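Written below as C-alpha cells is the structure these notes are about.
The structure presented is a predicted model; accordingly, all values stated were derived computationally and were not measured.
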Amino acid sequence: MVLLHVKRGDESQFLLQAPGSAELEELTAQVARVYNGRLKVQRLCSEMEELAEHGIFLPPNMQGLTDEQIEELKLKDEWGEKCIPSGGSVFKKDDIGRRNGQAPNEKMKQVLKKTIEEAKAIISKKQVEANVCVTMEMVKDALDQLRGAVMIVYPMGLPPYDPIRMEFENKEDLSGTQAGLSVIKESEAQLWWAAKELRRTKKLSDYVGKNEKTKIIVKLQQRGQGAPAREPIISSEEQKQLMLYYHRRQEELKKLEENDDDTCLNSPWADNTALKRQFHGVKDIKWRPR
C-alpha cells in the first residue's frame with residue numbers, strides 16, 4: 001500500500017493508504033471526502049462546546065435581541081420549552097445572543113466535553129506524527145460519538161434550526177461563511193505530487209511506480225487554484241537545527257578570534273631564557289623593596 005501524506009497548502013492534514021493500482025478518480029474523491037469529514041467534525045465540536053456552555057440555539061428571529069426587545073415583540077422560544085437537557089438546566093447567559101442560556105448541568109456538560117475531546121483526537125493532525133492513517137470509517141465513528149453524546153444530554157432532540165442538528169442531518173448551509181471556503185467539493189478536488197497534477201483518468205502507479213511501500217506527500221487543491229507551492233527541501237525543524245548549528249559555530253569562531261593574540265607569550269612555558277636564568281641562579285627574583 002502506498003502511504004499518502006495529505007497536505008493543504010503547507011499544513012499537514014492526515015495520512016491515507018491506497019494500493020498502487022487505485023484509480024485516481026476514486027482516490028481523489030476519497031481524499032476530499034475524508035478532508036471534508038474532518039472539517040465537519042471540527043465544526044460540530046465547536047458548536048457542541050457552545051451547547052455545553054449556553055444551551056440550544058435560539059429561533060432565528062430572536063437571535064441578537066435583548067430580553068426587553070423579545071418581550072416587546074412578544075416572541076416565544078417554543079423549542080426552548082421542549083428541549084430541556086437531562087437532569088435539568090443551569091442558566092448561563094450567552095453574551096452573543098445566539099443560544100438561550102439554558103445550559104446542561106455539570107454532569108451532562110462533562111459528557112459533551114469528554115466526547116468532544118475524543119472526537120478531536122480521532123481526526124487530529126497529530127495522527128500524522130503518530131503515523132496513524134485516518135479513514136472515512138474513523139471520521140464516521142467520531143460523528144457517531146458526537147451524535148450519541150447529544151442524544152444522551154438532549155433525548156428529545158434539538159430544534160430543526162440548530163446548526164448541530166443540521167450538521168447531523170447534512171442540511172448545513174455554509175454559504176457566505178469562512179467554514180464554507182474551506183470545504184472542497186469532491187468533483188472539484190485535485191491532487192498534486194512533485195509539482196505534477198495527478199490526473200483523475202490515470203492510476204496512482206502511473207506516477208509513483210509499482211513499489212507498494214512508497215510514501216509520498218500529496219497536496220489537495222480545488223480546481224482552478226493552480227499548482228500548489230513546492231515542498232521545501234528541508235523541513236522547518238531541520239532548518240531550525242541548521243540555524244542553531246551555524247549560530248553556535250559563529251560563536252566558537254568569535255571566541256577563537258578573541259583568543260588569537262600574543263598573551264600566551266607571557267606564559268612561563270613560552271620563556272626561551274628560563275633555562276639560562278636557572279643555571280645562573282637568578283630564577284624567581286623579585287624586585288620589590290622590603
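Between Q13 and Y35, the shortest heavy-atom distance links the atoms OE1-CE1, 3.7 Å. Taking both residues in full, the closest heavy atoms of N100 and G80 are given as ND2-CA, 4.0 Å, listed atom of the first, atom of the second, then distance. In terms of heavy-atom proximity, V218 sits nearest to W193 at CG1-CB, 4.2 Å. For the pair L75 and N61, the tightest heavy-atom approach, listed with the atom from each and the gap, is CD1-O, 3.5 Å. Taking every heavy atom of both residues into account, L58 and Q63 meet most closely at O-NE2, 3.0 Å. Of all the heavy atoms in A18 and L27, the pair that sits closest is CB-CD1, 3.7 Å.
Hydrophobic clustering (ILVMFWY, side-chain heavy atoms < 4.5 Å, transitive): F14 and L24 are in one cluster. I116 and M166 are assigned to two separate hydrophobic clusters, defined by single-linkage of ILVMFWY side chains at heavy-atom distances under 4.5 Å. Residues I217 and V132 do not share a hydrophobic cluster, defined by chaining ILVMFWY side chains whose heavy atoms lie under 4.5 Å apart. Both V111 and M48 are members of a single hydrophobic cluster when ILVMFWY side chains are connected at heavy-atom separations under 4.5 Å. Residues M1 and M138 do not share a hydrophobic cluster, defined by chaining ILVMFWY side chains whose heavy atoms lie under 4.5 Å apart.
Using a cut-off of 4.0 Å between Lys/Arg side-chain N and Asp/Glu carboxylate O, R98 and E47 are scored as salt-bridged. We find that R99 and D77 are not joined by a salt bridge, their nearest charged nitrogen and carboxylate oxygen being 4.0 Å or further apart.
Two residues are said to be in side-chain contact when any heavy atoms from C-beta on lie closer than 4.5 Å; V41 and L143 meet this criterion. In this structure the side chain of T135 never reaches within 4.5 angstrom of the side chain of V34, judged on heavy atoms. Considering only heavy atoms from C-beta on, V31 comes within 4.5 Å of L220 through its side chain. The closest side-chain heavy-atom distance from C133 to L3 is below 4.5 Å. Between P104 and L112, some side-chain heavy-atom pair lies under the 4.5 Å cut-off. Using a 4.5 Å cut-off on side-chain heavy atoms (C-beta onward), H54 and I96 make no contact. Between I56 and L51, the closest side-chain pair of non-hydrogen atoms falls below 4.5 Å. Residues R165 and E169 are in side-chain contact: their nearest non-hydrogen atoms beyond the backbone lie under 4.5 Å apart.
Within the structure, every pair that satisfies the salt bridge (Lys or Arg N to Asp or Glu O under 4.0 Å) test and touches residues 78-97, not counting sequence neighbours, is listed here: E53-K92, K76-E81. For residues 198-208, the pairs satisfying side chain to side chain donor-acceptor pair (under 3.5 Å) are E25-R200, with sequence neighbours left out. Note on residues 29-41: pairs passing salt bridge (Lys or Arg N to Asp or Glu O under 4.0 Å), not counting sequence neighbours, are E26-R33, R33-E186, K40-E167, K40-E172.
Other residues sharing a hydrophobic cluster with W79 under the 4.5 Å side-chain heavy-atom criterion for ILVMFWY residues are F57, Y161.
Around CD of E252, the count of heavy atoms belonging to other residues, nucleotides or ligands within 6.0 Å exceeds 12. In the displayed structure, F91 atom CZ is contacted under 6.0 Å by more than 12 heavy atoms of other residues, nucleotides or ligands. The environment of Q178 atom CD is sparse: at most 12 non-hydrogen atoms of other residues, nucleotides or ligands sit within 6.0 angstrom.
Taken from SG in C83 to CD in Q102, the straight-line distance is 12.0 Å, to the nearest 0.5 Å. Rounding to the nearest 0.5 angstrom, the gap separating the CD atom in E72 from the CD1 atom in I70 is 11.5 Å. Between the CD atom of E129 and the CG atom of L15 there is a distance of 10.5 Å, given to the nearest 0.5 Å. Summarising the geometry, atom CG belonging to L174 is positioned 4.5 Å from atom CZ belonging to R43; distances are rounded to the nearest 0.5 Å. Rounding to the nearest 0.5 angstrom, the gap separating the SG atom in C45 from the NZ atom in K113 is 11.0 Å. L4 CG to L16 CG: the interatomic distance, rounded to the nearest 0.5 Å, is 6.0 Å.
Proximity of a side-chain donor or acceptor of N105 to a complementary backbone N or O of V90 within less than 3.5 Å is not detected. One N or O on the side chain of K219 and one on the backbone of G9 form a donor-acceptor pair closer than 3.5 Å.
Between the side chains of R8 and Q221, at least one donor N or O lies within less than 3.5 Å of an accepting N or O.
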Just list the side-chain donor-acceptor pairs under 3.5 Å for residues 146-159, sequence neighbours left out, or say none.
{"residue": "R147", "atom": "NH1", "partner": "D144", "partner atom": "OD1", "Å": "2.9"}

Identify all side-chain donor-acceptor contacts of residues 117-126 below 3.5 Å with residues at least two apart in sequence or on another chain.
{"residue": "K120", "atom": "NZ", "partner": "E49", "partner atom": "OE2", "Å": "2.8"}
{"residue": "S124", "atom": "OG", "partner": "K126", "partner atom": "N", "Å": "3.0"}
{"residue": "K125", "atom": "NZ", "partner": "E11", "partner atom": "OE2", "Å": "2.2"}

